[in-house]
Amino acid sequence: MGSWQAGDDRGGNSFVGCGPVSTGLAPLCEGVLDAAGVDGAALTLLTTSSRVRDLVYATDSVAQRLDDLQFTLGEGPCLDAYENDDAHLLADLDNHSGSRWPTFIGEAIGLGARALFAFPVAAGGTPLAVLELYRRTAGELNPQQHAAATAAASTAGYTVTRNWHDYLATQGDYDDRVATAAADMSHAQDHTTDRFSRSDVYLASGMVAAQLAVSADEGLARLRAFSFRHDRSLKDVADDVVARRMNLRTLDLDDH
């Protein structure tokens, strides 16, 4: 599908509106490439309660597109690795066409990926992110490469936790700092220009929900369906909705 073709070569920016939280994660993603013998890496943060998912960093456009694809489809090894708190290792995508993610696998192969590895990133035993790795050729991770990827995921969990606590320590009195930090993060998210940010996706889903009198989850589902059917990235569709370049009722009619 045309929308998943690679664009710019490199990633390079921080987590949406949460620079303090993402400090040190970009070098970690870059460093795991050689250590794990992979061609690309991405790190994405997730939350269980709100189902929010945001890309922290991607080493290249294919890694970013693979993460975008899973976000758009709502399926893939990254989501399962997070929900099951267990690594998902797909050494040969051609042998997984009949898996539980047939649409994703087909699209990932179209992007040039032939192997995918998703490692949960946890803090205090609770998953909070996923480290996603891909190869352009099929092949399992050898023991050393697997250990390197596992170590990178563990370091990412420690780094996010440390950054968050360091950030909270700068936010006023003890009783107020968590609320202040959350408000600052929310405000930054509303105004971010980060290329990885998906804040506009959630804003657009709310706009669709209000316009079409559906739930926020249904609004997001309709955005996903529209972007996939029309070979466009979910973020691009959301940007058009937020900028009011796209008529929401027309979007609804096109998808039903």
Side-chain angles (χ1 to χ4, degrees), residues 8-48 52-68 70-71 77-79 81-82 85 87 116-135 141 144-172 177-178 180-199 235:
D8 298 333
D9 260 353
R10 306 296 290 176
N13 289 332
S14 303
F15 174 54
V16 49
C18 296
V21 175
S22 66
T23 300
L25 296 177
L28 186 151
C29 290
E30 296 287 351
V32 78
L33 300 184
D34 287 340
V38 295
D39 295 301
L43 186 68
T44 191
L45 288 171
L46 301 94
T47 63
T48 302
V52 170
R53 169 191 172 94
D54 228 315
L55 184 61
V56 177
Y57 186 83
T59 60
D60 60 74
S61 59
V62 174
Q64 182 173 354
R65 292 296 190 183
L66 288 168
D67 186 77
D68 284 344
Q70 293 179 83
F71 181 71
C78 175
L79 296 178
Y82 173 79
D85 191 19
L116 291 171
F117 312 100
F119 291 83
V121 172
T126 302
L128 55 82
V130 176
L131 177 64
E132 309 164 67
L133 310 175
Y134 83 88
R135 278 179 177 161
L141 298 175
Q144 292 77 21
Q145 292 167 340
H146 189 281
T150 301
S154 177
T155 300
Y158 169 79
T159 301
V160 170
T161 304
R162 181 199 62 201
N163 290 346
W164 177 243
H165 286 302
D166 288 349
Y167 181 71
L168 289 182
T170 70
Q171 303 302 306
R177 63 191 189 182
V178 173
T180 301
D184 287 348
M185 293 282 186
S186 176
H187 177 77
Q189 187 175 40
D190 288 341
H191 296 86
T192 184
T193 57
D194 193 302
R195 65 173 295 184
F196 294 140
S197 171
R198 290 188 179 125
S199 59
K235 188 176 185 305

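Remember, predicted model here, so these are calculated numbers, not experimental data.
- Listed here is the closest heavy atom pair of P77 and A118: O-CB, 3.7 Å.
- Scanning all heavy atoms of the two residues, the minimum distance from A41 to C29 falls at CB-O, 3.8 Å.
- Residues P120 and A81 come closest through the heavy atom pair CB-O, 3.6 Å.
- Of the possible donor and acceptor atoms, none in the side chain of E132 sits under 3.5 Å from a partner among the backbone N and O of F117.
- Atoms SG and CG, on C78 and L43 in that order, are 9.0 Å from each other to the nearest 0.5 Å.
- Considering CG of L55 and CG of D67, their distance stands at 4.5 Å, rounded to 0.5 Å.
- Proximity of a side-chain donor or acceptor of T150 to a complementary backbone N or O of H146 within less than 3.5 Å is detected.
- V121 places none of its side-chain heavy atoms less than 4.5 Å from the side chain of V160.
- The two residues A129 and L45 come nearest to each other via the heavy atoms CB-CD2, 3.5 Å.
- The distance from atom OH of Y57 to atom CG of L131, rounded to the nearest 0.5 Å, is 13.0 Å.
- Here D39 contributes atom CG and T59 contributes atom OG1; the two are 9.0 Å apart, rounded to the nearest 0.5 Å.
- Between L116 and L133, the closest side-chain pair of non-hydrogen atoms is not below 4.5 Å.
- Here the straight-line distance linking atom OG1 of T44 with atom OH of Y82 works out to 10.5 Å at 0.5 Å rounding.
- A donor-acceptor pair under 3.5 Å links the side-chain atoms of R135 to the main chain of G37, judged by distance alone.
- Note that CG of D60 is 8.0 Å distant from CG of L33, once rounded to the nearest 0.5 Å.
- Side-chain contact between Y134 and V62: present, with at least one pair of heavy atoms (C-beta onward) separated by less than 4.5 Å.
- Closest approach of A149 and V32 over heavy atoms only: CA-CG2, 4.2 Å.
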